[in-house]
Amino acid sequence: MLRFRLSLLVTVTLLVAILAFGVLAIALFGRLQYRQLEELLERDLERVQFLVEGSQVGARVADAAGGPRVQFVSTNGAVQLPPDTAEAMPYFEEPTLVQHEGIVLLTAAVPWRLPSGNEIGTIRIGYDATEIGRGRLVLVRSLLVSGAVIILLVLQVSLKTLRRALSPLQHLAEQADKLDPAHPVMQPHQGPDDEVARVATALERALDAIRARRQSERDALAEVAHELAAPLSVVAGQLNALAEDRDDPRYRAAQDAANELLYTSQDLLTLARGELELPLELRTLDLFDVASRVALQYPGVKVEGEPGSEVLGSRERLTQVVRNLVRNAVQASEVGRVTISVQQAGERVELAVRDEGQGLDVLEQAHIFERYVSGSPGQGSGVGLTVARGIVERHEGELAVSSRPGQGSVFTIRLPSLAAQLEEA
């Protein structure tokens, strides 16, 4: 989710900032501690050297050296004072961190001179620096705990803030996801004039352009289909009369072609006028009777089943559906047999159209109901099945296909039975 990603980005940025601040604070804190210890060491060296050169060693040296380690080392490296010390601290003129007797010391040395001015060795002082490490460890732990608390608080606050800030964008995404392709309309954006508002405005303009383009295409398609339907009706009527008077297969072929064009023009008009979205005039009808009437228009088509498969629907539209399925089956079978079966299946009535054609592969089945996609290359306009599925769905039913290459296809209509609809009502 975008909200989570943004919150994570804020948290990571804050974490990096806290880490950078912690590293800098630890470095500065350690540097400050060492600097203070160095200053203290230098002062003690100067003080002890002053006391020794002034012959005032006594108690004042003990007082000054009460905190640090103080050694008086002769020129040969032997510790003179304190007398019980075996190993001398390393000699460094500047304050330096060293490991001595298992302890980290900050040590430095100055010449050991007598009041006469003779140099007889060095005075070495060392401060225990382990406390600096302990202080730094305490600081690191404190920074880790406080950083974790701050990150958790910032994460919670950022999630709530981003949820509120992104709610208009989420609402816009939900509307876009629910857009009906047949009627791409969305509610006007209500919110501040920001980036989300500009996106909503751009989307609304795009939808307006889509609706305008869709309407212009429908108008043009309706005009073309209407212009074709009138002369095709005359041609189909004349060919029907000639086919009845003369037993000539050429007339029958011309008659079938004219009827095919006439039915295709009717499908185009159905799409162009948006009749798939219009309310239906529902009547009680027998689906077996619809199938029988369509089969009469196609010699050789067999109908199986029993009368009494009643549904609630539009006779004109369901006849159009069955006719489109039978037309496709006849074209796919060529010389094969086409069978229409009607049966009751629980609370539904099923009408199946079987053919003995070449069948459809999985990819063809996935796209067979899309507009301008035909299952028979070179035959059909590819709108008949689109119209058929739209009409069936308007009847609260479903249209499915089952097919295998080389084994024909079965297109099945499943509609709620009249008894089931009455019981539901």
Side-chain angles (χ1 to χ4, degrees), residues 243 249 252-253 255-257 259-260 262-264 266-267 285-311 313-362 364-366 368-369 373-393 395 397-418:
R252 175 62 63 182
Q255 178 190 10
D256 293 341
N259 288 334
E260 176 70 23
L262 185 60
Y263 294 145
T264 300
Q266 292 175 355
D267 291 338
L285 57 91
D286 189 345
L287 205 57
F288 181 84
D289 179 60
V290 173
S292 300
R293 290 177 178 272
V294 172
L296 293 176
Q297 304 174 17
Y298 296 90
V301 175
K302 182 181 178 181
V303 181
E304 298 177 349
E306 295 291 337
S309 301
E310 293 185 330
V311 298
S314 168
R315 180 178 296 274
E316 178 185 359
R317 292 296 172 225
L318 289 179
T319 299
Q320 186 179 4
V321 171
V322 178
R323 185 173 58 236
N324 286 351
L325 296 181
V326 173
R327 284 165 52 203
N328 282 353
V330 171
Q331 292 174 357
S333 295
E334 296 181 353
V335 296
R337 186 175 63 177
V338 174
T339 303
I340 309 174
S341 63
V342 183
Q343 62 179 357
Q344 194 86 18
E347 296 183 349
R348 288 182 174 268
V349 176
E350 292 186 354
L351 184 149
V353 179
R354 297 180 176 85
D355 63 61
E356 298 178 354
Q358 295 298 319
L360 303 169
D361 58 29
V362 177
E364 289 174 327
Q365 293 181 52
I368 192 65
F369 294 107
V373 175
S374 176
S376 302
Q379 298 181 6
S381 60
V383 297
L385 290 178
T386 302
V387 171
R389 168 169 276 191
I391 294 174
V392 171
E393 290 177 349
H395 285 79
E398 61 179 3
L399 175 58
V401 59
S402 175
S403 180
R404 289 184 180 180
Q407 299 183 18
S409 303
V410 180
F411 287 84
T412 304
I413 303 170
R414 297 182 180 91
L415 297 175
S417 65
L418 177 62

Between Arg293 and Thr319, is any pair of side-chain heavy atoms under 4.5 Å apart? no
Smallest separation among heavy atoms of Ser341 and Arg354, with atom names: OG-NH1, 2.8 Å
Point-to-point distance, once rounded to the nearest 0.5 Å, from CD of Gln344 to CG of Leu287: 10.0 Å
Under 3.5 Å donor-acceptor, Glu364 side chain and Asp361 backbone: yes
Whether Gln365 side chain and Ser403 backbone form a donor-acceptor pair below 3.5 Å: yes
Asn328 and Phe411, any side-chain heavy atoms less than 4.5 Å apart: no
State, yes or no, whether a side-chain contact exists between Val321 and Leu351 at a heavy-atom distance under 4.5 Å. no
Starting at CD of Glu306, measure out to CG of Asp286 and round the result to the nearest 0.5 Å. 10.5 Å
Rounded to the nearest 0.5 Å, how far apart are CD of Glu304 and NZ of Lys302? 5.0 Å
Tightest non-hydrogen contact, residues Thr412 and Ala352, listed as OG1-CB, 3.9 Å
Could you grab the distance from atom CZ of Arg337 to atom CG of Asp355, nearest 0.5 Å is fine? 12.0 Å
Shortest non-hydrogen pair, Ile391 vs Gln320, comes out as CD1-OE1, 3.6 Å
Is any side-chain heavy atom of His395 closer than 4.5 Å to one of Ser314? yes
Is Asn324 close to Leu385 at the side-chain level, that is, under 4.5 Å between some pair of heavy atoms? no
Is there a side-chain contact between Gln358 and Pro405 (heavy atoms, below 4.5 Å)? no
Test your reading of the model: is there a side-chain donor-acceptor pair from Ser333 to the backbone of Glu356, 3.5 Å cut-off? yes
Could you tell me which non-hydrogen atom of Ala291 sits nearest to which non-hydrogen atom of Val342, and how far apart they are? CB-CG2, 4.1 Å
Closest heavy-atom pair, Val401 versus Leu360, reported as atoms and distance to 0.1 Å, is CG2-CD1, 4.2 Å
Rounded to the nearest 0.5 Å, what separates atom CD in Glu310 from atom CZ in Phe288? 13.5 Å
Should Ile413 and Leu318 count as side-chain neighbours, where that means a heavy-atom distance under 4.5 Å? no
Ser417 side chain to Glu347 backbone, donor-acceptor under 3.5 Å: yes
Might you point out which heavy atoms bring Ala400 and Phe369 nearest each other, and give the distance in Å? C-CZ, 4.3 Å
When rounded to the nearest 0.5 angstrom, what distance separates CD in Gln297 from CZ in Arg327? 10.5 Å
